[in-house]
Structure formats: structure tokens, C-alpha cells
> 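Shown below is the structure under consideration.
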Amino acid sequence: MKIRVVNGPNLSLLGKREPGIYGRDTLADILLAARKRAEVLGVTLEEYQSDIEGELVSYIGKSRGEADGLIINAGAYTHTSIAIRDAIAASGLPCVEVHLSNTHAREAFRQNSFMAAVCVGRSWDLAGWGTNWRSRRWPDTSGNEPARLSKFI
Ligand code: DQA
């Protein structure tokens with residue numbers, strides 16, 4: 001099973017960026033923890049980060065047939081990008097939306113997620129989601145026993 005982990009704008013700055021909100025782990029720290037969990041399950045992770053909306057749209061859109069699922073932290077594009085929402089839908093892949101902070105407990109402009117309606121799950125308030133994912137079954141298109149996301153991220 002191959003899962004693409006997609007991170008959007010400003011997430012390359014984790015560790016230094018507003019640590020009181022996003023924690024002190026860098027994106028590399030988070031992805032390392034996710035890879036360790038993935039290895040245990042025999043799941044392959046492919047990682048991608050871009051600050052550019054169009055690049056994210058292209059990467060997500062071309063994931064159809066190249067991956068079995070998506071995990072996306074679209075950063076601020078979560079609240080603005082219909083194009084990313086459409087790319088997730090167009091990919092035909094199960095997608096989980098993740099955030100480091102509890103967006104619901106923050107500014108009003110962070111309350112809406114354009115991604116939510118096309119994702120199979122959403123998680124927030126998980127500083128370091130690389131190690132702290134809650135239990136959720138991942139829809140498995142291969143017919144194998146579904147992996148639990150909780151086991152690898
Ligand atoms: C974020 C929440 C967004 O509102 C914000 O713009 C981010 C990070 C999070 O992980 O908590 O860049 O997606």
C-alpha cells in the first residue's frame with residue numbers, strides 16, 4: 001500500500017514557526033515518525049511539500065493510479081482552495097485531512113474546510129500527528145486487510 005503525505009504552505013517552517021501553536025517538531029521530525037510507523041505495517045509513504053497551490057493541485061490530481069491514499073495538511077489552503085478540494089475528488093483516492101492545531105478553536109476564518117467534504121476523515125489538535133494519530137480504518141482498495149492509520153502515523 002502506498003500513501004502520499006502532502007503538506008502545503010508554510011509547513012516547511014515547522015519547528016520555528018509559531019511553536020506555541022504548531023509545536024517544536026520540524027516537518028522532517030514528523031515525517032520520520034510517520035515513516036517508522038509505515039515501515040511496521042509495510043506501508044510505503046511518499047512525501048511532498050509545496051507552498052504553491054497549483055503544484056499541490058497537480059501532484060494530488062496525478063496521484064490517481066499512482067497511490068492508494070492521501071494524507072493532506074493543506075495549511076491555509078484548507079480554508080481557501082476549491083482547486084485542491086477538486087483535485088482530491090478528481091484523484092478518486094481516500095484522503096485524510098490532518099492539522100497540527102485545533103482549527104475549530106482558532107480564528108473564524110479557520111473554521112471552514114473546503115477539504116472536509118471530500119475526505120474520509122479529519123483530525124486536528126494533534127501536535128505531532130506523525131506519532132499520535134487516532135484510530136481510523138483506512139479504506140483498502142487492494143482487498144487486503146485494511147491498515148489502521150493509527151498503526152502507522
Ligand atoms: C494548519 C492550520 C491552518 O489554519 C494554518 O493555516 C496552517 C496549519 C495546521 O496544521 O494546524 O498553516 O493546517
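Just follow the structure's listing: the first ligand is 1, and inside any ligand the first atom is 1.
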> Ring pair (Phe, Tyr, Trp, His ring centres under 6.0 Å): which pairs involve residues 47-77, sequence neighbours left out?
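Those involving residues 47-77 are Tyr48-Tyr59.
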> Applying side-chain contact (heavy atoms from CB on, under 4.5 Å), can you list everything that pairs with Ala116, at least two apart in sequence or on another chain?
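Per chain and number, Ala116 pairs via side-chain contact (heavy atoms from CB on, under 4.5 Å) with Glu97, Ser113, Arg122.
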> What pairs with Ala76 under side-chain contact (heavy atoms from CB on, under 4.5 Å), at least two apart in sequence or on another chain?
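Residues passing side-chain contact (heavy atoms from CB on, under 4.5 Å) with Ala76: none at all.
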> List by chain and number: which residues place a heavy atom under 4.0 Å from ligand 1?
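Lining ligand 1 at under 4.0 Å, by heavy atoms, one finds Arg17, Tyr22, Asn73, Gly75, Ala76, His79, His99, Leu100, Ser101, Thr103, Arg110.
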> Kindly indicate, with the supporting measurements, whether the criterion side chain to side chain donor-acceptor pair (under 3.5 Å) is fulfilled by Ser63 and Arg4.
CA-CA 8 Å; Ser63 293; Arg4 289 190 163 168; 3.0 Å; yes
> I'd like to know if Ile72 and Ile52 are part of one continuous hydrophobic network [Ile/Leu/Val/Met/Phe/Trp/Tyr, side-chain heavy atoms within less than 4.5 Å].
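Result: no, two separate clusters.
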> Could you walk me through whether Lys2 and Glu66 pass the salt bridge (Lys or Arg N to Asp or Glu O under 4.0 Å) test, one step at a time?
CA-CA 8 Å; Lys2 193 194 290 175; Glu66 295 182 7; over 6 Å; no
